[in-house]
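Side chains are part of it too, since the values below use all heavy atoms of this structure and drop only hydrogens, waters and symmetry mates.
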Amino acid sequence: MPSFTLNSRPVSVEVDPDTPLLWVLREQFALTGTKFGCGVGQCGACTVHVEGVATRSCITTVGGVEGRAVRTIEGLDHPVQKAWIEEQVPQCGYCQSGQIMAAAALLDAHPNPDEATVADSMTNLCRCATYARIKKAIRRAADEMPQPIAPQPPPTSTP
Amino acid sequence: MINLSRRDILRSAGGLLLGFAFPISPEFLEYDPEGSPNRGPDGEWLGAYVCIDPQGVVTLRVPASEMGQGVHTALPMILAEELDLDLATVRVEMAPNSIAYAHPSDVGKTQLTAGSGSVRGWWGPMAIAGATARAMLVEAAAHRWGVSVGSCVTAGGRVTCGEHAATYGDLAAEAAVLTVPEASPKPRRSWRLVGTEPQRLDIPSKTNGAALFGIDVDVPGAVQATVLHSPVFGARLVSVDDTEARKLPGVIDVLHFKGSETGHTSDFVTVIADTFWHARVAIVSVVATWEGGRSELDDATIERELMDGLEHRGQLCKKVGARPPSVESGVTYQVPYLHHATMEPLTCTAHVHDDIVELWAPTQAQGFTERAVAAVLGVPHDAIVLHTTFLGGGFGRKSEVDFVVEAAQIAQAVGKPVKVTWTREEDFSHGFYRPAFGARLNGAVDSAGRITDLSVRLSGPNILTRFVPFLLDGLPFGFFVGENFFDLPYSVPNQRLEYNRLELPIPTGFWRSVSASHNGFFRECFIDELAHGAGVDPVQFRLDHLVDSPRHHNLVRRVADMADWDHRDGRFLGIAVVESFGSIVAEVAQIRVEDHLAGAGTVDGIVVHVERVWVAFDCGRCIHRGIIAAQAQGAVGMGLSVAFGERMSFSGGAAVTPNFYAYPVLKLGQMPEIEVEVIEGALDQPGGVGEPALPPIAPAVCNAIFAAIGERIRELPIAGQKTARGVIFV
């Protein structure tokens, strides 16, 4: 019986360990914010965090997350979500849980990503092509997030 | 009671006050919630759109499906404007299927979200309905206080008059029993909400996983199912061996259905299980044998038939001028079949119980669905109760009824609620595709740089064949085939348009921007060819020929200014302008071309990068510019995706493009910087918003490629086309 941490809560579930995590989340835990898009890891609509890393849950077995920490959009509380609203990103909205999970993981790893890093990390498909606003929202969230403390310059005398 | 004279008055009010073609239907103003398939919230209904509960919560019902285009914000804005409500305080609800929510256009009287037509259609009726509800609340207040109606004012969900004040919730019961008055919408100068950019009402729920899409519906006791259709189009099911599938975990049943005699569905097999995953695993083990179809059909035969259609004279659709030009010796353009590829695969939940058929579906077409399910299941129309969820993309695919009818058939057979979810592979291989089209164009330009002749021959399937086969010969040709050539904005004295209709077994349907998606490409690339042939700048050449089309003329000038066209300084730019759904859009694309390295320093082709796009969008009266700009950006992105690499492939009579790995949808890294200017043009009514920005991008990019390398791209997708410098990569 696979056991893991789901949105900070220990859970175990009676399913075949080969079952994709996506369907365990949706059908066993009723966490339907994580979406089915392609089933082959191509579109990213099913993106969740496993130990903080953006992971495509349709090609990740539930057995593969044994003992690990899984977070879904329902368990996310991240500045990107506010930025997504401020930049009015979603259109149909179907891919946006996955986009937000991917963006949150990106910013947690790279708090101030350059354009190339954003393009390399954000490979989820959006058929509405909301990409322009996704880029703006990631920039906004990065600007508003606390940045890692940089080495302090040597103290200078105050005038 | 509705009497004809008042209906007539309302019709003329709809026309005169708003300069609008669509009348308001009496059902919008007098509404009986008890007669509705879904009663909605408890409260007083002031017409079909507005319900006020005793606590004062105002529910606004939206008849159009929300599929990303923002209609669940734009239409409530129109109602809230007339009702003097704060948009943030209203509750928005998707309307159930009902004649009360039929699209106001006189065509078909059906509830439908399509053709970039929701704001265009409901703008007038919504304004009158909102004004009418407000007038009833004011009248109730005036009665109660013994004051004149004219001395009452409304703001923030309250009516006030001097010392008197009452909330809408307090007045609703008294208002609801009044005779429905005649009311006029506000004059434009009094608008305080329409034309502003409030936050979309659906967005918060789309950032935390709470938004309910079709695939998220959870009806207690439901079983899960997935479906399998014949790979070969038009084949019939001969036999099913489900022995192995039935042994698999969670499988409840394996059923198969004959295609409906009504033509709404084809033969299919379904596996019913406790979970979708179990159904999905088991359906792979079903051995189904199919027979028939055109197994010789593949990409090469399709192309041959398209090209054959260009070789002989077609139905003459338009002839202008004394000297009908010939299309022979012209240039040939071609576009492939396209899939909608909505991010949400097809899905529907159905439950047949207590003499009703209850459906939960992400559908664009409540009216067609209701009729189709009633016909196939043999039940009366009023037995159909349809709950429309958010759509995870529509683009026309979800205006089809197949996925809902099948779910209803399965539910009727199993006697329990059932959720049917298609695999992505079934979704790709059983679409209603944007048809492939070929075009041959020829033209002549005189020594003054004026186009004298333009002749066009189109070859391709007509998407209407499926709907009205008996009408094809008599139909006005422009419908869904000849747009953008039939009403040519350019002044050309001699014109000829012909069409050869192809009969192919591949299902086709309405795809975002429909025929403008191919004709815009053919026309705007060919106009560029004529400009180049005449030695005239492509912007100037268009301006010279758009003197009788002032909206087009204005946009071409505007977009050229935005892109600083006259100071290209080595930048490679291409322009296109295309009209569709009551709007006009001009776009300029800026591209960069670099060598593609095959490795070891060998160059095997070129890479085209689209760096920037400028969009000038004339959609008439604007409700919400932020939503319009978002639709323009998204349509450019989808159009670019198509231009770059999308193509459905066929072999053995079947679609053989199974999933996204073979159908490259645009990614974030390929998205150019897009600058949109929404121009409120001369038109006093709203034009379409969801589709019109898509058609210009492919020709704008191909014209920019010509500017860069001096070669014409006459076939889409661009990726894989051959040039003197090798194959194009994107």
Need one label for [X]: side chain, backbone, both or neither, based on atoms under 4.5 Å from any heavy atom in chain A.
X: B:I674; answer: neither
X: B:N659; answer: side chain
X: B:F395; answer: side chain
X: B:F213; answer: side chain
X: B:S205; answer: neither
X: B:Q224; answer: side chain
X: B:H340; answer: backbone
X: B:A630; answer: both

Which one of [options] has the most heavy-atom pairs closer than 4.5 Å to chain A?
options: B:T207, B:D218, B:L668, B:T347; value: B:L668
options: B:E66, B:M67, B:E425, B:R200; value: B:R200
options: B:E673, B:Q670, B:Q631; value: B:Q631
options: B:I215, B:T421, B:I627; value: B:I215

- Would you confirm whether B:T275, through its side chain, and B:H278, through its main-chain N or O, come within 3.5 Å as a donor-acceptor pair? yes

In plain terms, say whether [X] and [Y] are close enough for a salt bridge, that is, a side-chain N and a carboxylate O under 4.0 Å apart.
X: B:R592; Y: B:E611; result: yes
X: A:E115; Y: A:K136; result: no
X: B:R424; Y: B:D427; result: yes
X: B:R612; Y: B:E675; result: yes

Report yes or no: do [X] and [Y] form a side-chain donor-acceptor pair below 3.5 Å?
X: A:T5; Y: A:R71; answer: no
X: A:T117; Y: A:D114; answer: yes
X: B:R434; Y: B:S517; answer: yes

Top contributor to chain B contacts, counting heavy-atom pairs under 4.5 Å, from [options]:
options: A:A45, A:S97, A:C128, A:C126; answer: A:C128
options: A:G39, A:P90, A:C92, A:G33; answer: A:C92
options: A:E74, A:Q96, A:K135; answer: A:K135

Using non-hydrogen atoms and a 4.5 Å limit, figure out which bit of [X] sits close to chain B: side chain, backbone, both or neither.
X: A:L125; result: both
X: A:Q91; result: both
X: A:V89; result: backbone
X: A:T130; result: neither
X: A:E27; result: side chain

- Check: B:F403 ring centre within less than 6.0 Å of B:W422 ring centre: no

- With rounding to the nearest 0.5 Å, note down the distance linking CZ in B:R625 to OG1 in B:T196. 11.0 Å

- Message: Angle between ring planes, A:F4 versus A:F29, binned at 30° and 60°: parallel, tilted or perpendicular?
- Response: perpendicular

- Given side chains that start at C-beta, do those of B:M638 and B:V665 come closer than 4.5 Å, heavy atoms only? no

